*Asks:* 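Would you mind keeping the following structure in view while I ask a few things?
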Amino acid sequence: DETTPGAIAWADALACDVAAPPSCAQADDLAAILYTSGTTGRPKGVAVSRSALDHFLAAMAHKPGLAEHEVLAAVTTLSFDIAGLELWLPLRCGATIALVDRATAADGAALLARLERDRVGVLQATPATWQLLLEAGWCGHPPLRMLCGGEALPASADGGTAGLRPTDEPMTPWYAP
């Protein structure tokens, strides 16, 4: 993609002259195992089938949605479940992924510079990351479609999002303890 340095447009990847291997995948086949400590503190794996993953991605493609022309920044550590949304949803929708390294994701100024450089339009992040961006001087530029999850929002009358966004643009919260 000419607008995002270092990015490969989905259409270009699909145009590669490589024969796809035959697929024997079934809807009930394992797509991923998500690990969580839950409330017990003991790690446990949850098997996610291909059909469950597909239904989740279809729902996310519908709402909040993601369009082919959009760039989504992937800032979540791969071991967290929401990283699947950041990686698989853009692939499913034909959008572009801006993979952000750990050091950049943890540094508000570096993350803000990366969002601007890659022309990111969608970011799913924790309240702590949104706070990092605000502290780095983010005031709504670049404009972002804001998705917030991964940890509880601060308590407030508006559900906790007003203090995490510099504009009146809506923030989509999705976290359930």
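Given the structure is predicted, the values throughout are model-derived calculations rather than measurements. Just so you know, these numbers use all the heavy atoms, side chains as well, and skip hydrogens, waters and symmetry mates.
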*Asks:* With sequence neighbours excluded, tell me which residues meet side chain to side chain donor-acceptor pair (under 3.5 Å) with Asp107.
*Replies:*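 Side chain to side chain donor-acceptor pair (under 3.5 Å) list for Asp107, sorted by chain: empty.
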
*Asks:* Closest approach of Leu30 and Ala47, non-hydrogen atoms and distance?
*Replies:*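 For Leu30 versus Ala47, the nearest heavy atoms are CD1-CB, 3.7 Å.
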
*Asks:* Do you know which two heavy atoms are closest between Ala73 and Leu115, and how far apart they sit?
*Replies:*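 Reported closest heavy-atom pair: CB-CD2, 3.8 Å.
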
*Asks:* Could you give all pairs that pass the side-chain hydrogen bond (donor to acceptor under 3.5 Å, both in side chains) test and reach residues 24-34, with sequence neighbours left out?
*Replies:*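 Passing the test, one end in residues 24-34: no pairs.
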
*Asks:* Kindly compute the distance separating CE (Met60) from CG (Leu85), expressed to the nearest 0.5 Å.
*Replies:*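 Interatomic distance, Met60 CE to Leu85 CG, rounded to 0.5 Å: 7.0 Å.
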
*Asks:* For the atom pair CD1 (Ile82) and CD (Gln124), what is the distance rounded to the nearest 0.5 Å?
*Replies:*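 Output value for this atom pair is 5.0 Å.
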
*Asks:* Of all heavy-atom pairs between Val75 and Glu86, which one has the smallest distance, and what is that distance?
*Replies:*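 Result for this residue pair: N-OE1, 3.0 Å.
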
*Asks:* Decide whether Leu134 and Leu132 are clustered together by the hydrophobic rule: side chain heavy atoms of Ile, Leu, Val, Met, Phe, Trp, Tyr closer than 4.5 Å, transitively.
*Replies:*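 As far as the 4.5 Å side-chain criterion goes, Leu132 and Leu134 are not connected within one cluster.
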
*Asks:* Please list, chain by chain and in numerical order, all residues satisfying side chain to side chain contact (heavy atoms under 4.5 Å, CB included) with Thr129, sequence neighbours excluded.
*Replies:*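 If we apply the side chain to side chain contact (heavy atoms under 4.5 Å, CB included) test to Thr129, skipping adjacent residues, the hits are Leu111, Ala125, Thr126.
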
*Asks:* Among Leu72, Leu123, Leu66, Val120, find the one that has a side-chain contact (heavy atoms from CB on, under 4.5 Å) with Arg145.
*Replies:*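 Looking at Leu72, Leu123, Leu66, Val120, the match for Arg145 under the side-chain contact (heavy atoms from CB on, under 4.5 Å) is Leu66.
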
*Asks:* Holding to side chain to side chain contact (heavy atoms under 4.5 Å, CB included), I want the full list of residues that pass it with Leu87, two or more places apart in sequence or in another chain.
*Replies:*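 Leu87 satisfies side chain to side chain contact (heavy atoms under 4.5 Å, CB included) with Ala74, Leu78, Ile97, Leu99 once adjacent residues are dropped.
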
*Asks:* Grab the two heavy atoms, one from Ala27 and one from Ser49, that are nearest each other, plus how far apart they are.
*Replies:*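 In this case the closest contact between Ala27 and Ser49 is O-CB, 3.7 Å.
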
*Asks:* Working to the nearest 0.5 angstrom, can you tell me the gap between Trp88 CH2 and Leu91 CG?
*Replies:*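 Answer for the CH2-CG pair, Trp88 versus Leu91, is 10.0 Å.
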
*Asks:* Is the closest basic N to carboxylate O distance between Arg114 and Asp118 below 4.0 Å?
*Replies:*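 Yes, Arg114 and Asp118 are salt-bridged.
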
*Asks:* Sort and list the pairs that fulfil salt bridge (Lys or Arg N to Asp or Glu O under 4.0 Å) and have at least one residue in residues 134-143, not counting sequence neighbours.
*Replies:*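 Applying salt bridge (Lys or Arg N to Asp or Glu O under 4.0 Å) to every pair that reaches into residues 134-143, excluding sequence neighbours, yields nothing.
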
*Asks:* I need the minimum non-hydrogen distance between Trp138 and Leu112, along with the two atoms involved.
*Replies:*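 Minimum heavy-atom separation between Trp138 and Leu112: CD1-CD1, 3.6 Å.
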
*Asks:* Can you tell me if His55 uses its side chain to pair, donor with acceptor, with the backbone of Ser51 under 3.5 Å?
*Replies:*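 Yes, the answer is positive, given that a donor and an acceptor are paired below the 3.5 Å cut-off.
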
*Asks:* Who pairs with Ala67 by side chain to side chain contact (heavy atoms under 4.5 Å, CB included), at least two apart in sequence or on another chain?
*Replies:*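 Result, side chain to side chain contact (heavy atoms under 4.5 Å, CB included) vs Ala67: His69, Glu70.
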
*Asks:* If you look at every heavy atom in Cys93 and Ala61, which pair is closest and at what distance?
*Replies:*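 Scanning both residues, the minimum pair turns out to be SG-CB, 3.8 Å.
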
